[in-house]
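Take a look at the structure set out below.
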Amino acid sequence: MKKMRVIAFAVIFAVSFIGCENTVQKNEGHKEQTKAVSFPENCRKTVENVTFELDVTVEADLEKNPPVTAKAQMQKVNVDKAFQLFYSSIKDFETYEYDGEDEYGKKIKTGTYVSPDETTLSYGPVSSQFCYMKMDLLPYIRNAFVLETGDGCNAGLYSTKSQLAFMTRSKAFETVKSALKELELEMDYDCTGYALDYRTLQSQEYHEDIEGNIDRAAYKKQWAVSDECYYFCISQKYRGLPLYHVYCSIFTDVADANAPVQAVVSEQGTELLEIEKVFAFSDEKETASLLPFDDIIKTVADKYNQVLGNLTYKMTEAGLYYYVDLSSGAGVYETKPVWIFKGTEINGKEEKEIQVIVDAQTGKEIVP
């Protein structure tokens, strides 16, 4: 990984929060940052057409882990170990090889293995990209459990706390962690695990044909307790904060549907392990000087108050993240702290979810 110079300097965070309540003060003792960091616990204010009714989430202990900028590179899946773990017992399969280009712009070979029952394993072209899936249960799961935001999303119907009969959720997650370790991927993480019980799966299953009509022939003939499984959405963390990057270079929303690691574990074992991008970070880093939170609020308010018409906006979430800027290089990427706001655009009776990303150092909006 390319080295970067370490610039030592003292950073002062002078913060005034007009209209933001319950300011918390934290004293810095870490060598990377010698002055205090302040941020509000919540913000309740209206700026013209934009209302802020939100709690401010900062998951990290900024006293122990002061904000920094750093370089990131993708971790590399050990494909040989992945094949041994998931595919060594499969004797009959087809092999497909493709020419691809990795994150450094280098031409490489990427591959997919497909068995007669359509159990597949694929890797590349980028270093951490990998997918293993079995196709007996998974197609039914994907038509009964919908993570993607929108009218069809039903993830809220499935518990993120309860245990399924075949295995505790912690034991099921150990299966996933063990697989990631075997593939030589290491990371700090946040995880949401959905318990997919068969009764809810049965009630939510929905299939359409190519013309958009209900496809009765595609429905599972019978659901049973043996079909139950856990669906895990795993997001990476860096220095105690959640890590954000654009999923598959297309999907910009912070959501479980865009978690870079997703897995399904049933009574029969791993049904799915899908890895999009997992990063490693340089040891050398520079201290980041964060702007007062009111400067960040101003950026969000200014963005929407410039929009013509009768639209109004309500921001309901704000959190501090690290952002891996995939547009900043080829294989080696800039990583920096950002604020991510989520809320709603209101147009009469119509509402639309919105997200805004603001550079925590410059106060400028980031459009991924």
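Position 1 is the first residue of the sequence; numbering continues from there.
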Q) Under the ring-ring contact (aromatic ring centres under 6.0 Å, His included) test, which residues partner Tyr244, sequence neighbours left out? A) Tyr323

Would you call the rings of [X] and [Y] parallel, tilted or perpendicular, where under 30° means parallel and over 60° means perpendicular?
| X | Y | value |
| --- | --- | --- |
| Tyr132 | Phe86 | parallel |
| Tyr238 | Tyr322 | perpendicular |
| Tyr98 | Tyr96 | parallel |

Could you tell me the separation between the [atom1] atom of [X] and the [atom2] atom of [Y], rounded to the nearest 0.5 Å?
| X | Y | atom1 | atom2 | result |
| --- | --- | --- | --- | --- |
| Ser235 | Leu243 | OG | CG | 9.0 Å |
| Leu180 | Glu184 | CG | CD | 12.0 Å |
| Thr252 | Ile357 | OG1 | CD1 | 6.5 Å |

Quick check on [X]: does its [atom1] atom have over 12 non-hydrogen neighbours (other residues, nucleotides or ligands) under 6.0 Å away?
| X | atom1 | value |
| --- | --- | --- |
| Glu186 | CD | no |
| Asn213 | CG | yes |
| Glu353 | CD | no |
| Lys237 | NZ | yes |

Q. Under the ring-ring contact (aromatic ring centres under 6.0 Å, His included) criterion, do Phe83 and Tyr123 qualify, and how do the steps go?
A. CA-CA 10 Å; Phe83 186 93; Tyr123 59 90; 9.5 Å; no

Q) Taking atom types as modelled, is there a side-chain donor on Gln268 or Ser266 under 3.5 Å from an acceptor on the other? A)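 There is such a pair between these side chains.
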
**Q.** Minimum-distance pair of heavy atoms, taken over all atoms of Thr168 and Tyr230
**A.**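 Closest approach of Thr168 to Tyr230: C-OH, 3.5 Å.
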
Q: Output yes when Asp227 and Lys220 qualify as a salt bridge under the 4.0 Å nitrogen-oxygen rule, no when they do not.
A: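 Salt bridge: yes.
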
Q.
Please determine whether a side-chain nitrogen of the Lys or Arg among Lys107 and Glu101 lies less than 4.0 Å from a carboxylate oxygen of the Asp or Glu.
A.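 Counted as a salt bridge, because a side-chain N and a carboxylate O are separated by less than 4.0 Å.
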
